[in-house]
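First up is the structure itself, then whatever we jot down about it.
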2 protein chains.
Amino acid sequence: MNELKKDNTEEKILNAAQTVFIKKGLDGSRMQEIADHAGINKALLHYYFRTKQKLFEAIFKKVFKHVFPKIEMLVLSDLPIEEKLGTFIEKYIDVLLKNPYLPAFILKEMNRDPVFLASVMKSQGVHPEHILKMFEKEMEAGTISKMDPRDLMVNVLGFCIFPFAAKPLLNIMFFENDKKAYNNFLKKRKETVKKFILNSILIR
Amino acid sequence: MNELKKDNTEEKILNAAQTVFIKKGLDGSRMQEIADHAGINKALLHYYFRTKQKLFEAIFKKVFKHVFPKIEMLVLSDLPIEEKLGTFIEKYIDVLLKNPYLPAFILKEMNRDPVFLASVMKSQGVHPEHILKMFEKEMEAGTISKMDPRDLMVNVLGFCIFPFAAKPLLNIMFFENDKKAYNNFLKKRKETVKKFILNSILIR
DNA sequence: TCCCGGTTTAACCATCCGGTTAATCTTTTT
DNA sequence: AAAAAGATTAACCGGATGGTTAAACCGGGA
């Protein structure tokens with residue numbers, strides 16, 4: 001039963017820690033609260049993950065994977081650029097719709113330790129160069145307007161991520177805190193963002 | 001000397017608190033650290049601002065004013081839409097260039113208390129309706145493409161704010177942590193963002 | 001059955017931290 | 001110059017918090 005039991009509690013801990021950390025951040029979270037949430041003793045947390053810091057880093061890595069989806073195939077495929085960008089935007093916003101709290105969490109905790117952040121990014125295999133190269137080729141081929149490819153990438157990411165990160169503010173500003181209306185707005189953005197971006201860069 | 005002294009220490013406290021809070025957030029900041037930073041006794045903090053919470057709220061309000069510039073005139077002016085949007089983008093990115101840490105701070109602490117956030121927004125006179133109306137009129141007049149005006153506004157804000165909020169990540173991704181290069185990138189965005197947006201929505 | 005390794009817990013510890021208090025120092029008022 | 005009012009400090013307090021320890025528990029093998 002050893003294996004099973006261990007996996008079970010470890011998973012319970014990870015789930016509880018994720019819930020609490022995402023909501024309250026590293027500083028705002030209490031080991032006791034995580035333990036309660038997992039239905040175990042506080043000492044058991046330290047038995048599995050020696051320190052709060054280590055537990056947090058495990059969660060951060062786990063969560064980080066979610067917000068950097070595997071887009072390599074998309075880049076390497078030979079679909080036309082508008083298809084590539086379109087499906088990326090759609091898929092990415094879908095991921096965020098399923099994990100709407102992740103952008104705020106990542107942005108919140110990003111500043112804590114740049115070295116750790118860099119190591120996580122490297123270990124996750126984030127390779128912006130491929131995408132930048134792809135954009136540059138399209139520009140040379142004359143399918144999209146010439147610009148700094150990093151600008152293009154920041155713009156696409158910003159369109160997808162920002163409305164999730166700034167949710168509370170935008171929700172008050174535009175929807176009087178009507179959660180459903182805001183969610184609807186986000187869903188529609190899969191199309192509007194696509195249109196907005198392609199309308200700007202596509203050369204017909 | 002009463003007035004002068006009081007103003008002086010109060011200002012010292014506010015400055016110190018702003019520095020520390022912006023860097024470490026509410027939970028990560030220590031009253032002692034703020035006191036040290038201001039060169040005063042910890043008890044004096046409580047003398048001026050009874051609790052940590054109250055001190056934090058004072059800072060949050062102060063900082064919030066900065067990121068919501070007075071754009072009413074711009075909206076009410078009868079410049080053509082491309083001028084209005086252009087100068088807004090330019091001015092806004094300029095504000096953020098002078099306070100590059102503010103977006104991350106606001107996004108970080110936004111979730112803490114939605115009610116307080118709403119009250120701050122109201123007290124700052126954030127009136128998105130004017131801007132939305134303005135956009136709608138332009139769409140009816142046929143000067144810009146028809147779309148949900150809220151999308152347009154989120155897009156403009158996202159373009160300006162996101163690259164500041166996600167600075168550490170983007171800086172590693174695109175510039176190998178070269179701060180100057182990244183700052184240069186942000187400066188250039190005043191033009192590229194303008195172009196990108198107008199290119200998408202303007203009807204010629 | 002008894003022991004042994006890994007798991008889980010209750011109790012504990014040292015430190016940190018927000019906040020208070022009472023005394024001191026400084027400025028203003030009379 | 002004395003007293004009153006205000007600003008500032010050192011010392012302290014109680015509770016919270018991350019982490020430790022030693023004992024109990026539990027399943028599997030001898």
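As the structure is a prediction and not an experimental result, all values here were calculated from the model. Proteins get letters first, then strands, A, B, ... in listed order; numbering begins at 1 in each.
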- Query: If only side-chain N and O atoms of B:Tyr48 are considered, is one of them under 4.0 Å from the OP1 or OP2 phosphate oxygen of D:dT8?
  - Reply: yes
- Residues from residues 29-44 of chain A sitting under 4.0 Å of DNA chain D, heavy atoms only? A:Ser29, A:Arg30, A:Met31, A:Lys42, A:Ala43
- Sorted by chain and number, sequence neighbours left out, side-chain hydrogen bond (donor to acceptor under 3.5 Å, both in side chains) with A:Asn41 holds for none
- Residues which pass side-chain hydrogen bond (donor to acceptor under 3.5 Å, both in side chains) with A:Ser29, listed by chain and number, not counting sequence neighbours: none
- B:Arg112 bridged to B:Asp27 by N-O distance under 4.0 Å: yes
- Item | Within residues 37-57 of chain A or reaching into it, pairs that qualify as salt bridge (Lys or Arg N to Asp or Glu O under 4.0 Å) - sequence neighbours excluded | none
- Message: From OH of B:Tyr47 over to P of C:dA23, roughly how many Å is that when rounded to an integer?
- Response: 17 Å
- Query: Which residues in residues 20-28 of chain A have at least one heavy atom lying under 4.0 Å from any atom of DNA chain D?
  - Reply: none
- Query: At under 4.0 Å, does any side-chain N or O of A:Thr9 touch on OP1 or OP2 of C:dT8?
  - Reply: yes
- Message: Applying side-chain hydrogen bond (donor to acceptor under 3.5 Å, both in side chains), can you list everything that pairs with A:Gln124, at least two apart in sequence or on another chain?
- Response: none
- Message: Once ring pair (Phe, Tyr, Trp, His ring centres under 6.0 Å) is applied, what residue pairs with a partner in residues 10-47 of chain B remain, sequence neighbours excluded?
- Response: B:Phe21-B:Phe56
- Quickly work out the B:His46 NE2 to C:dG18 C1' distance and round it to whole Å. 5 Å
- Message: Which residues in residues 52-60 of chain B have a heavy atom closer than 4.0 Å to any atom of DNA chain C?
- Response: B:Lys52
- Task: Can you sort out the partners of A:Lys62 under side chain to side chain contact (heavy atoms under 4.5 Å, CB included), two or more places apart, ordered by chain and number?
- Result: A:Leu14, A:Asn15, A:Gln18
Sequence neighbours left out, cut at 3.5 Å: what donor-acceptor pairs do the side chains of residues 127-139 of chain B make with other protein atoms?
unit_1: B:His130; atom_1: ND1; unit_2: B:Glu72; atom_2: OE1; d: 3.0
unit_1: B:Glu138; atom_1: OE1; unit_2: B:Thr143; atom_2: OG1; d: 2.6

- Note on the structure: Whole-Å distance, A:Phe49 CZ to C:dT8 P, equals 13 Å
- Item | By side-chain hydrogen bond (donor to acceptor under 3.5 Å, both in side chains) - contacts of A:Asp94 (at least two apart) | A:Lys190
- Query: Does the pair A:Phe88 and A:Tyr92 meet the rule for a ring pair (Phe, Tyr, Trp, His ring centres under 6.0 Å), with working shown?
  - Reply: CA-CA 6 Å; A:Phe88 170 77; A:Tyr92 197 39; 5.3 Å; yes
- Message: Measure CD1/A:Ile13 against C1'/C:dT8 and give the value in whole Å, please.
- Response: 11 Å
- Query: Any salt bridge (Lys or Arg N to Asp or Glu O under 4.0 Å) pairs touching residues 159-179 of chain A, not counting sequence neighbours?
  - Reply: none
